[in-house]
Undergrad: 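Take this structure first; my questions come after.
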Amino acid sequence: ITCRDWSSDVCSSDLAVPTAAIIDFSPRQDISASFAVDALSVVLADDYGLTRAALEWTFQRGMDGGAHGDAIEIPIPSGVREATPSMAFSAAAVAPDQAPLPNDRIRVNIRVWDNHSERTRTASIPSHQDGVSRTVELWIKSDADIAAAQLKRERDLFTAVTELVEQQQRARRDTEDALTDIRNGVPFAGAPREAIRSARRRQADVAAGARLLAKRLADLRKDAARNRVGDADQDAHLQAMVESTLAVEPSVTDAQDRLKTAATVDGDVERIEALSDASLSELEAERRLDAIRSAMANRLQASNLLVLA
């Protein structure tokens, strides 16, 4: 580095404040008194290397009760710029003198201490700044409230898969309409092309919806385990639904590929072949989605009877 080379200097804008995030929690979340996480995941970063991090928490008893807090050190390799450590966390571990009760609150955030050893290179650099994640607020709810919320989420997922079934049915109808028109000699540049375009849009929506459904089912299963609600049967059911939803993707992907082929080939014979194959793949996806809907409906019916009992 040459003397007076301004590019060798370090200005304050070059040194980012350390960042931290808790990726497992939403900003405001209801939990049971039995809530426990074996491996809470966090994301940490600092431009000149991490030095220290801690999970800070405050526990408040009831709406107007006393509050107290503490911090739990997060083990991280010294000097790395990014880290994704995991740590155990439970509601019972931070309760002061008795088990957590409904309406208790726990506020959690991550603090990362800034590595400011590099900040002495120029007087223009301000004092170091610690990084703090967004605060997560956990509200303790009764087991009955948590179970009811879980059931509502299952109902919402049932509605979502029902909409996916209907969307898949509409896509298959578009494909079959295009196939019928071409067989009847309708010019491809007219109705058949528009029907194929519509089918491709619907299949893209089904693909995205199925991926989102699988994630929501996985999140529901994870939350049920952490809150210690449900049983082994429910856990197995949710896991089966995740796997079944992921199994829809190959059929949807194949249908998308066949529709793309039908839209790009030149001859009607090739178009008819591609559309016929697309229709079969769409029917397979529809059957899989309908099986998921039926399994969820049976589970919901059992859950509703259990709640009534």
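For the single chain, residues carry numbers from 1 onward in sequence order. FYI, side chains are in, hydrogens and waters are out, and symmetry mates aren't considered; it's all heavy atoms of this structure. Here the structure is a predicted model, which is why all the values come from computation and not from measurement.
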Undergrad: Please list all pairs passing the salt bridge (Lys or Arg N to Asp or Glu O under 4.0 Å) test where one or both residues lie in residues 228-241, with sequence neighbours left out.
TA: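 Listed once each, the pairs are Arg221-Asp235, Asp231-Arg299.
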
Undergrad: Hydrogens and angles aside, do Gln167 and Arg170 bring a side-chain donor and acceptor to less than 3.5 Å of each other?
TA: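 Looking only at side-chain atoms, Arg170 and Gln167 do form a donor-acceptor pair, the distance falling under 3.5 Å.
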
Undergrad: Looking at Ala263 and Arg200, what are the two nearest heavy atoms and their distance?
TA: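 Distance-wise, the nearest heavy atoms are CB-NH1, 3.9 Å.
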
Undergrad: Please name the pair of heavy atoms, one in Ala191 and one in Asp181, separated by the smallest distance, quoted to 0.1 Å.
TA: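 Between these two residues, the closest heavy atoms are CB-OD2, 3.6 Å.
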
Undergrad: Side chains of Val112 and Ile76: closer than 4.5 Å at any heavy-atom pair?
TA: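 Side chain of Val112 against side chain of Ile76, heavy atoms only: no contact under 4.5 Å found.
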
Undergrad: Side chains of Leu157 and Leu213: closer than 4.5 Å at any heavy-atom pair?
TA: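 Yes, at least one pair of side-chain atoms sits under 4.5 Å.
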
Undergrad: Could you point out which residue of Glu163, Arg288, Gln203 forms a side-chain hydrogen bond (donor to acceptor under 3.5 Å, both in side chains) with Gln168?
TA: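 It is Gln203, the one option of Glu163, Arg288, Gln203 that forms the side-chain hydrogen bond (donor to acceptor under 3.5 Å, both in side chains) with Gln168.
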
Undergrad: Describe, in one word, how the ring planes of Phe25 and Phe35 are oriented to each other, choosing from parallel (under 30°), tilted (30 to 60°) and perpendicular (over 60°).
TA: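 Ring orientation of Phe25 relative to Phe35: tilted.
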
Undergrad: Salt-bridge test for Asp268 and Arg271: reply yes if a basic N is under 4.0 Å from a carboxylate O, no otherwise.
TA: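 Looking at Arg271 together with Asp268, the answer is yes, because their closest N to O distance falls below 4.0 Å.
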
Undergrad: Show me the pairs that pass ring-ring contact (aromatic ring centres under 6.0 Å, His included) and involve residues 138-190, at least two apart or across chains.
TA: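 Every pair satisfying ring-ring contact (aromatic ring centres under 6.0 Å, His included) with a residue in residues 138-190: there are none.
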
Undergrad: With no hydrogens and no angle check, is any side-chain donor or acceptor of Asp104 less than 3.5 Å from a backbone partner on Ile140?
TA: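 No; zero donor-acceptor contacts below 3.5 Å.
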
Undergrad: Tell me if the CD atom of Glu137 is crowded by more than 12 foreign heavy atoms within 6.0 Å.
TA: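 Counting neighbours around CD of Glu137, more than 12 heavy atoms of other residues, nucleotides or ligands fall under 6.0 Å, so yes.
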
Undergrad: Please name the pair of heavy atoms, one in Arg216 and one in Ala160, separated by the smallest distance, quoted to 0.1 Å.
TA: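 Of all heavy-atom pairs spanning Arg216 and Ala160, the closest is NH1-CB, 3.9 Å.
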
Undergrad: Under the salt bridge (Lys or Arg N to Asp or Glu O under 4.0 Å) rule, what do Arg201 and Asp205 come out as? Steps first, then yes or no, please.
TA: CA-CA 6 Å; Arg201 287 194 297 268; Asp205 290 341; over 6 Å; no

Undergrad: Quick one: do Ser41 and Thr84 satisfy side chain to side chain contact (heavy atoms under 4.5 Å, CB included)? Show the steps, please.
TA: CA-CA 7 Å; Ser41 297; Thr84 55; over 6 Å; no

Undergrad: Between Ser86 (side chain) and Ala39 (backbone), is there a donor-acceptor pair under 3.5 Å?
TA: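 Not a single qualifying donor-acceptor pair exists.
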
Undergrad: Can you confirm whether Arg61 sits close enough to His68 that some side-chain heavy atom of one is under 4.5 Å from a side-chain heavy atom of the other?
TA: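 No, every pair of side-chain atoms sits at 4.5 Å or beyond.
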
Undergrad: Does a side-chain N-to-carboxylate-O contact under 4.0 Å join Asp177 and Arg173?
TA: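 Salt bridge flag = no for Arg173 with Asp177.
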
Undergrad: How close do Val94 and Trp57 get, counting heavy atoms only, and between which atoms?
TA: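 Minimum heavy-atom contact is O-CZ3, 3.4 Å.
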
Undergrad: Would you say Ser133's side chain and Ile110's backbone share a donor-acceptor pair under 3.5 angstrom?
TA: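 Yes, the answer is positive, given that a donor and an acceptor are paired below the 3.5 Å cut-off.
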
Undergrad: Looking only at atom types and distance, does a side-chain atom of Arg81 sit under 3.5 Å from a main-chain N or O of Asp47, one as donor and one as acceptor?
TA: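 Pair found, side chain donor or acceptor close to backbone of Asp47.
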
Undergrad: Any donor-acceptor pair under 3.5 Å linking the side chain of Ser294 with the backbone of Asp290?
TA: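 Such a contact is found between Ser294 side chain and Asp290 backbone.
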
Undergrad: How far apart are the closest heavy atoms of Gln60 and Gly65, and which atoms are they?
TA: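 Nearest heavy atoms, Gln60 then Gly65: CG-O, 3.7 Å.
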
Undergrad: Just by distance, no angles: are the side chains of Glu154 and Gln150 close enough, under 3.5 Å, to form a donor-acceptor pair?
TA: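 Glu154 vs Gln150: no donor-acceptor pair found between side chains.
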
Undergrad: Show, in sequence, the C-alpha distance, side-chain angles and deciding distance for Lys260 and Asp257, and conclude whether the salt bridge (Lys or Arg N to Asp or Glu O under 4.0 Å) test is met.
TA: CA-CA 5 Å; Lys260 181 178 180 181; Asp257 291 341; over 6 Å; no

Undergrad: Mind running salt bridge (Lys or Arg N to Asp or Glu O under 4.0 Å) on Arg153 and Asp223 for me, showing each step along the way?
TA: CA-CA 11 Å; Arg153 289 171 67 181; Asp223 288 344; 2.9 Å; yes

Undergrad: For the residue pair Ala255 and Glu282, what are the closest heavy atoms and their distance?
TA: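 Smallest interatomic distance, heavy atoms only, reads CB-CG, 3.7 Å.
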
Undergrad: Taking the side chain as every heavy atom from C-beta outward, state whether Asp30 and Asp145 have any atom pair closer than 4.5 Å.
TA: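 No, every pair of side-chain atoms sits at 4.5 Å or beyond.
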
Undergrad: Taking the side chain as everything from C-beta on, heavy atoms only, tell me whether Phe89 gets closer than 4.5 Å to Asp24.
TA: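 No; the side chains remain at least 4.5 Å from each other.
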
Undergrad: Take Thr245 and Val161, measure what side chain to side chain contact (heavy atoms under 4.5 Å, CB included) needs, and give me the verdict at the end.
TA: CA-CA 9 Å; Thr245 304; Val161 75; over 6 Å; no

Undergrad: Above 12 or not: heavy atoms from other molecules or residues under 6.0 Å from NZ of Lys222?
TA: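 Enclosed: over 12 neighbouring heavy atoms sit under 6.0 Å from NZ of Lys222.
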
Undergrad: What verdict does the side chain to side chain contact (heavy atoms under 4.5 Å, CB included) test give for Val248 and Ile292, after you've listed the backbone C-alpha separation in whole Å, the side-chain angles of each residue and the deciding distance to 0.1 Å?
TA: CA-CA 10 Å; Val248 174; Ile292 295 169; 4.1 Å; yes

